[in-house]
Amino acid sequence: QVQLVESGGRLVQTGGSLRLSCAASGRTFSSTFSSYIMGWFRQAPGKEREFVAAISRGGGTISYADSVKGRFTISRDNAKNTLYLQMNSMKPDDTAVYYCAASRYISTVPTTTPNDYNYWGQGTQVTVSS
């Protein structure tokens, strides 16, 4: 009954910007979205899924992968059950399928570990051309 749907992925050129959205729905998220740590992960062809960014339940604490720090911004709107990822100064290495995920992990610091996330979206393709 829990569903996460990413959107916004497309082709952009190096140095461009893109905003991804993740809409949460279902019985669980209809009233308890704010109870979950939310994160973004990505997976490039031939590579394993890697952490991108995560945000605490209230949105006040954020973690970023070193590769995206200073370029990407994660945010959430609990009233809309929506997670966002603003990507600026994009590079070809950012090309990947991007996934949003929700975690029930109990911590004041948003987890960066994929195994701590319980629900995953289907992914949205982001391609950065050189």
**Distance, nearest 0.5 Å, that separates CG of Asp77 from CG of Leu83** = 10.5 Å
**Request:** Could you walk me through whether Ile55 and Ile37 pass the side-chain contact (heavy atoms from CB on, under 4.5 Å) test, one step at a time?
**Result:** CA-CA 6 Å; Ile55 187 168; Ile37 293 171; over 6 Å; no
**Message:** Please say yes or no: joined through hydrophobic side-chain contacts below 4.5 Å, possibly via intermediate residues, are Ile62 and Val52 part of one cluster?
**Reply:** yes
**Message:** Which Ile, Leu, Val, Met, Phe, Trp or Tyr residues join Tyr105 in one cluster when any pair of side-chain heavy atoms under 4.5 Å counts as a link?
**Reply:** none
**Complete:** When rounded to the nearest 0.5 Å, the distance separating CG of Leu18 from CZ of Arg10 is 5.0 Å
**Message:** If you count every heavy atom of other residues, nucleotides or ligands that lies below 6.0 Å from Gln122 atom CD, does the total exceed 12?
**Reply:** no
**Asked** Do Val68 and Leu20 share a hydrophobic cluster (ILVMFWY, side-chain heavy atoms under 4.5 Å, transitive)?
**Response** yes
**Asked** Looking at OG of Ser25 and CG of Leu4, how far apart are the two atoms once the value is rounded to the nearest 0.5 Å?
**Response** 7.5 Å
**Prompt:** What are the two closest non-hydrogen atoms of Ala102 and Met38, and how far apart are they?
**Reply:** CB-SD, 3.5 Å
**Asked** Which pairs with one or both residues in residues 59-69 pass salt bridge (charged side-chain N to carboxylate O under 4.0 Å, His left out), sequence neighbours excluded?
**Response** Asp66-Lys69
**Request:** Only pairs at least two apart or in different chains count here, so list each salt bridge (charged side-chain N to carboxylate O under 4.0 Å, His left out) that has a residue in residues 47-65.
**Result:** Arg42-Glu50
**Request:** Could you tell me which residues satisfy side-chain hydrogen bond (donor to acceptor under 3.5 Å, both in side chains) with Asn115, sequence neighbours excluded, listed by chain and number?
**Result:** none
**Request:** Give the cluster check for Tyr99 versus Val126: same hydrophobic cluster or not, with ILVMFWY residues linked at side-chain heavy-atom distances below 4.5 Å.
**Result:** no
**Request:** Measure across Thr124 and Gly8 and return the closest heavy-atom pair with its distance rounded to 0.1 Å.
**Result:** OG1-N, 4.2 Å
**Request:** Taking all non-hydrogen atoms of both residues into account, name the closest pair between Ala44 and Ala96 and its distance.
**Result:** N-CB, 3.8 Å
**Item:** Common cluster, Leu85/Trp120, ILVMFWY with side-chain heavy-atom separation under 4.5 Å
**Value:** no
**Asked** Does a side chain donor of either Arg104 or Tyr119 reach within less than 3.5 Å of an acceptor in the other side chain?
**Response** yes
**Request:** Let me see the working for Met90 and Gln13 under side-chain contact (heavy atoms from CB on, under 4.5 Å), right down to the final yes or no.
**Result:** CA-CA 8 Å; Met90 298 188 71; Gln13 64 180 11; over 6 Å; no
**Request:** Please report the shortest heavy-atom distance between Gly39 and Tyr117, naming the atom on each side.
**Result:** N-CE2, 3.6 Å
**Asked** About how many Å separate SG of Cys22 and OH of Tyr98, when rounded to the nearest 0.5 Å?
**Response** 14.5 Å
**Message:** Check whether Thr95 reaches the backbone of Val128 with its side chain - one donor and one acceptor, N or O, closer than 3.5 Å.
**Reply:** yes
**Prompt:** Shared ILVMFWY cluster between Tyr84 and Tyr64, side chains joined below 4.5 angstrom?
**Reply:** no
**Message:** Please enumerate all residues that pass side-chain hydrogen bond (donor to acceptor under 3.5 Å, both in side chains) together with Asn88, with sequence neighbours excluded.
**Reply:** Ser17, Gln86
**Request:** Could you grab the distance from atom CG of Leu11 to atom OG of Ser129, nearest 0.5 Å is fine?
**Result:** 5.0 Å
**Message:** Hydrogens and angles aside, do Ser34 and Asn78 bring a side-chain donor and acceptor to less than 3.5 Å of each other?
**Reply:** no
**Request:** Just jot down the ring pair (Phe, Tyr, Trp, His ring centres under 6.0 Å) partners of Phe51, sequence neighbours excluded, or say none.
**Result:** Phe41
**Asked** So which heavy atom on Gly123 is nearest to which on Val97, and how close?
**Response** CA-CG1, 3.8 Å
**Asked** Would you call Met87 and Asp94 a side-chain contact if the rule is heavy atoms closer than 4.5 Å?
**Response** no
**Request:** Measure the SG-CZ distance between Cys100 and Arg76 for me, rounded to the nearest 0.5 Å.
**Result:** 11.0 Å
